[in-house]
Amino acid sequence: MTLLPFHKSILEEIHDPATSDLLILARGLGLRRIICTLMQIYDSRQSLILLLNASPEEETAIGDELGIMGCRWPGLRIVGYEMGKRDRQDLYKNGGLISVTSRILIVDMLQSDIPTDLITGIIVLHAEKVTALSLEAFIVRLYREKNKAGFLKAFSDQPEHITSGMSPLKNIMKELQLRRVHIYPRFHEDVKNTLETRKADVIELYQRLTEPMEAIHHAIVQCMTVTLSELKKSHTTLELDDLTVESAYFRSFDAVVRRQLDPVWHKVGPRTKQLVSDLATLRRLLTYLLSYDALAFHAYLETLVESNTTTATGTAKQYQSPWMLTDAANIIFSTAKRRCYVLTAPKPKSVPERQVIDIDDEDAWAALDEAHGTTRSDSNDKAKGKEKEKEEKKPWIPDNMSPILEELPKWDLLADVLQEIEEEIMRQEAVSTRPPTRGTNTVLVMTSSPRSSTLVNEFLSEMDTTAAKGSRGRSMMERKLRRYLYWKGENTRHKHPRQLQPQLSAPQPQPSSQPDGEISEALKRKDKTRQERSANRRRVRGGAPAAVVPSKPAKVEARNEADDIATFLQVASQPLDLLVPSDADTLLLEAILSSEAEMDYDVHYGLLVPSQTVVVRAYTDDTDDQILAELQPRFIVMFEPNLDFVRRIEVYRNSNPGMGVRVYFMVYQLSCEEHKYLAGLRREKESFEKLIRERGSMLLPIFEDKHTGRSDAVIKTISTRLAGGRKELSTVASQVIVDMREFRSTLPSLLHASGLLVIPATLTVGDYILTPDICVERKSIPDLVASFNSGRLYTQCELMSVHYKQPILLIEFEENKSFSLETVAESAKSYAKPTGKYPAKKSTGPTESDRASPSIQSKLVLLTLHFPRVRIIWSSSPYGTADIFNDLKVNTLEPDPNRAIAIGAEEDPEAGAGINAAAEELLRCLPGVTAKNVKYVMSKVGSVRELCELDRAGVQSILGVEPGNACYNFVHRGERKKGSS
């Protein structure tokens, strides 16, 4: 792995263990390369280096890269939830490079399982996610309380996330207790001088959209504009001017809109919530238009129409998406369907009393032309073409369907590019007899998503190189059309089984009961209407196509079309054989057996020559740098634009001097793809400029030891038994016992920041133990609803009432959100009493309010009636909860952790120390083993295997006669019965 000059300058600034730094680097410039080099510098058994905030994928990639660099013994160790407490303690004592999750580390630091004072340093990834409520800020506070000499290095490559709010950079540095920040954008002098030394050969290919795609694209943007304006109209008091269609191209747009509306979300009606959801849907539609094939895009639109009118329970949806009722939406649906196929009026059946002239009869038109004295030289050709088309029409396509199957324009462009690359490779081989010393002829094609990669893979594997442009992927599209027809027919069959049942059973009755030519009256009327329409059609000179079915509303048209397809599938002789492809494994086996004699092993199973290899991958993160280094491609095709990968190619080109790299940069012209790429480039540049300005005018806080000068903090209780109520010294620090599961929330961090000593423990009863008498069960609003529905809250309140004098239910709301359980729509119900002038109607059954499930308020009333001693505390935010806890602890005794752990437990809490938790859980699942006797069983046998190897008498001596029989039969006879059956 080669380090570029700007990489070396960055490492020179941040590698010193005596300093703590924050590095903000532009994406694609090799951040992982810098982190791995830094960890290699610090790798030693005498030092303990912790890696925080790394995802499982990042942990694996960093570990592999460190192994390539030589850090193998022992390398990067990963601490997970499956690792026991003793193993973690031993791992920390041995030192080295360790990756650990924030939740595990905070518990280990609070329980002193990790020697905090011996930590050499902490490396924090994704520093942009650090806030005052995050666990990383909690970890840094504990770290700095006991360790002033250790370093902390934080890294981020997301400058756009550090630009919202007041002084975001200062807040991150304050929480991480840092005083130095290094900012390296792409336009930094060192980066610019390095990357502009050697440039890749870039060929920009701007592909225009097809006319139907342009119409759909314009209509989607129009719907987004209308939806955004409606959202702004409904909330004029909020600052929504920053929300534009351009910003709606990015995924973060949904979060920004929701964050703006969070303070008034309880006042927001269903219509506004629907608008927010519609913006996300329209943004996805723009992306899918350019990346999905025509059939997949049309199928997705049909699911949108269905979900807009019907809820998950099957009832009619009350609040529908407004954009679907606009003219632009009609353009989207009709044009998307026209990209796939066109439905024509079915040919009328011959009726003896009426002669219907076929307007498409070429011989009749030829005779008419001859009578007029005109010649039509192309009439024969057209007739032959129509005959050929009739011959080529697949039997699984309905008669009134004409497949269009428009292909994405970039597919043809990609085929041309690959052809050009192949010719270039052949030309270079002809000119030079020696192969290139650096790089391979493997072609790397990069796409935006795994789905796009799969689609491009299918196109390249089934491409017909001899076909004309626009139809090279015809076989693939026809296969997708077969799947689409099968999917549509199956959906209709499941929705309307009764309507389609007579058609399925029509051929089954006896022939004598119904003549072959006899049809129902409804079908007669339908055929007659179609024949009249067909006879009244206008003749168009030159053989016009059959009349297109008149347009209908999207919902009605889709339903009728689905019914027709389902009917066609059931009338067809072998619908499953026609629509569902045969088993791929069977076809492959037949092909191998048929060509077994002349089969060449290398042709079918040998390694491919690099010049014949095309690797299709989706953009990921810094793993792309490793792919470039491994494949060493000289030809790279960017099927879709990506700003990060452009930088990676620049770094890759400069890391390999002497190797020519050609890049084909493909983008749809005048589309959201181009706009999104340019907008992303502009957003990143503006974000870096804002960070640089903030760094120039930032006031850095002075960090001081919060525990110095608190001599009066130990004076906690006032005893009224002593004369004058004088103060009494307490040597025990003010503490609160917190359940392990509560470290998912932000409250333990705020309690520690407020001066309380947080003691983690596994509690059976309650979440927080404040005093020997006060137990608190904390519930967020979603957790409160789930606990009521499952009945778990009843059990928890019952246990608290049994073991504590003052059980408390804490209902905690989120900060910057509504401090209300009901929305405006719920509170606006009419509570007016009926008057004598208009008496109430007699009730014929349960009303809508009777059928509705009880509200949260009514459930809370029932809970307080059932448990009178349970007190309910309402908290507006975690900050308010921390203040409430401090007030409740004034002039009270401190809780005992050992007693809190033992309360509610059925056995001695120390009896399970050092026991394999997974084995104990397995033992509890065996018949005859209960929570009361599990510890006794564990004291008699050393392992589950030892219990399974005992005879019947031995198991009965431990568990008793009946439980022993049940356990023995389960272990020894269950598998035998299964085998015999």
Side-chain angles (χ1 to χ4, degrees), residues 1-11 14-15 21-42 49 51-71 75-76 78 97 99 123-129 153-162 182-186 188 191 194-195 200 251 444 446-450 453 615 617-633 636 638 640-656 661 663 680 684 687-688:
M1 185 175 62
T2 308
L3 290 177
L4 297 179
F6 76 89
H7 290 151
K8 295 177 181 178
S9 62
I10 292 174
L11 287 169
I14 68 172
H15 82 284
D21 308 87
L22 169 63
L23 172 65
I24 303 175
L25 186 68
R27 286 186 303 278
L29 295 183
L31 180 62
R32 185 175 295 171
R33 188 178 303 190
I34 295 173
I35 294 172
C36 290
T37 307
L38 195 66
M39 295 178 73
Q40 184 189 23
I41 295 173
Y42 296 144
I49 308 296
L51 180 66
L52 279 183
N53 253 4
S55 64
E57 295 80 10
E58 289 174 331
E59 289 176 339
T60 304
I62 291 175
D64 294 342
E65 200 155 337
L66 285 172
I68 295 172
M69 297 168 64
C71 302
L76 179 67
I78 299 174
L97 305 176
S99 176
I123 297 176
V124 182
L125 304 184
H126 305 293
E128 71 278 356
K129 297 181 180 179
K153 312 285 185 183
F155 300 90
S156 174
D157 59 356
Q158 302 284 343
E160 298 89 350
H161 294 191
I162 318 179
H182 310 279
I183 301 176
Y184 278 82
R186 171 62 179 83
H188 192 280
V191 179
T194 301
L195 296 184
R251 291 183 180 178
L444 179 62
M446 300 298 295
T447 62
S448 60
S449 65
S453 300
V615 180
R617 274 184 57 88
Y619 299 117
T620 54
D621 51 3
D622 286 343
T623 309
D624 290 341
D625 292 331
Q626 192 173 350
I627 296 298
L628 289 172
E630 289 178 359
L631 293 179
Q632 294 277 312
I636 302 172
M638 296 182 64
E640 285 148 326
N642 184 274
L643 179 61
D644 307 349
F645 198 75
V646 172
R647 272 84 174 271
R648 299 189 200 283
I649 293 176
E650 291 180 325
V651 174
Y652 165 68
R653 173 68 183 88
N654 285 272
S655 300
N656 297 275
V661 179
V663 181
E684 188 192 65
S687 300
F688 271 116

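Taking CD from Glu65 and CD from Gln40, the interatomic distance works out to 10.5 Å, rounded to the nearest 0.5 Å. The CG atom of Leu97 sits 11.5 Å away from the CD1 atom of Ile78 when rounded to the nearest 0.5 Å. Distance OH/Tyr652 to CD/Gln632: 4.5 Å, rounded to 0.5 Å. The distance from atom CD of Glu57 to atom CG of Asp622, rounded to the nearest 0.5 Å, is 13.0 Å. The distance from atom CG of Leu23 to atom CD1 of Ile10, rounded to the nearest 0.5 Å, is 5.5 Å. Between Ser156 atom OG and Leu125 atom CG the span is 10.0 Å, to the nearest 0.5 Å.
Side-chain contact check for Met446 versus Asp624: some heavy-atom pair is nearer than 4.5 Å. Side-chain contact between Met638 and Phe645 is present, with at least one heavy-atom pair separated by less than 4.5 Å. Looking only at side-chain heavy atoms (C-beta outward), Cys71 and Met39 stay at 4.5 Å or farther from each other. Annotation: side chain of Glu58 is in contact with side chain of Arg32 (closest heavy-atom distance under 4.5 Å). Between Leu4 and Leu195 there is a side-chain heavy-atom pair separated by less than 4.5 Å. Contact annotation: the side chain of Ile627 never approaches that of Val615 to less than 4.5 Å [non-hydrogen atoms, C-beta and beyond]. Using a 4.5 Å heavy-atom threshold, the side chains of Val661 and Asn656 count as separate. For the pair Ile162 and Ser687, the minimum side-chain heavy-atom distance is 4.5 Å or more.
Contact between Leu628 and Pro633 at its shortest, heavy atoms only, is O-CD, 3.6 Å. For Glu684 against Leu643, the heavy-atom pair with the smallest separation is OE1-CD2, 4.1 Å. In terms of heavy-atom proximity, Ile34 sits nearest to Ile14 at CG2-CD1, 4.3 Å. Considering every non-hydrogen atom in both Leu25 and Gly30, the closest pair reads CD2-C, 4.3 Å. Nearest heavy atom pair, residue Ala127 against residue Leu22, reads CB-CD1, 3.8 Å. When all heavy atoms of Val651 and Ser655 are compared, the closest pair comes out as O-OG, 2.7 Å.
Considering Phe688, Phe155, Tyr184 as possible partners of Ile24, the one that fulfils the side-chain contact (heavy atoms from CB on, under 4.5 Å) test is Phe688.
The closest donor-acceptor contact from the side chain of His7 to the backbone of Leu29 lies under 3.5 Å. A distance-only check finds a donor-acceptor pair linking the side chain of Glu640 to the backbone of Ser448 [under 3.5 Å].
In summary, Arg186 and Glu650 engage in a salt bridge, as defined by a charged side-chain N under 4.0 Å from a carboxylate O.
Residues that satisfy the side-chain contact (heavy atoms from CB on, under 4.5 Å) test with Asp644, not counting sequence neighbours, are Arg27, Asn642, Arg648.
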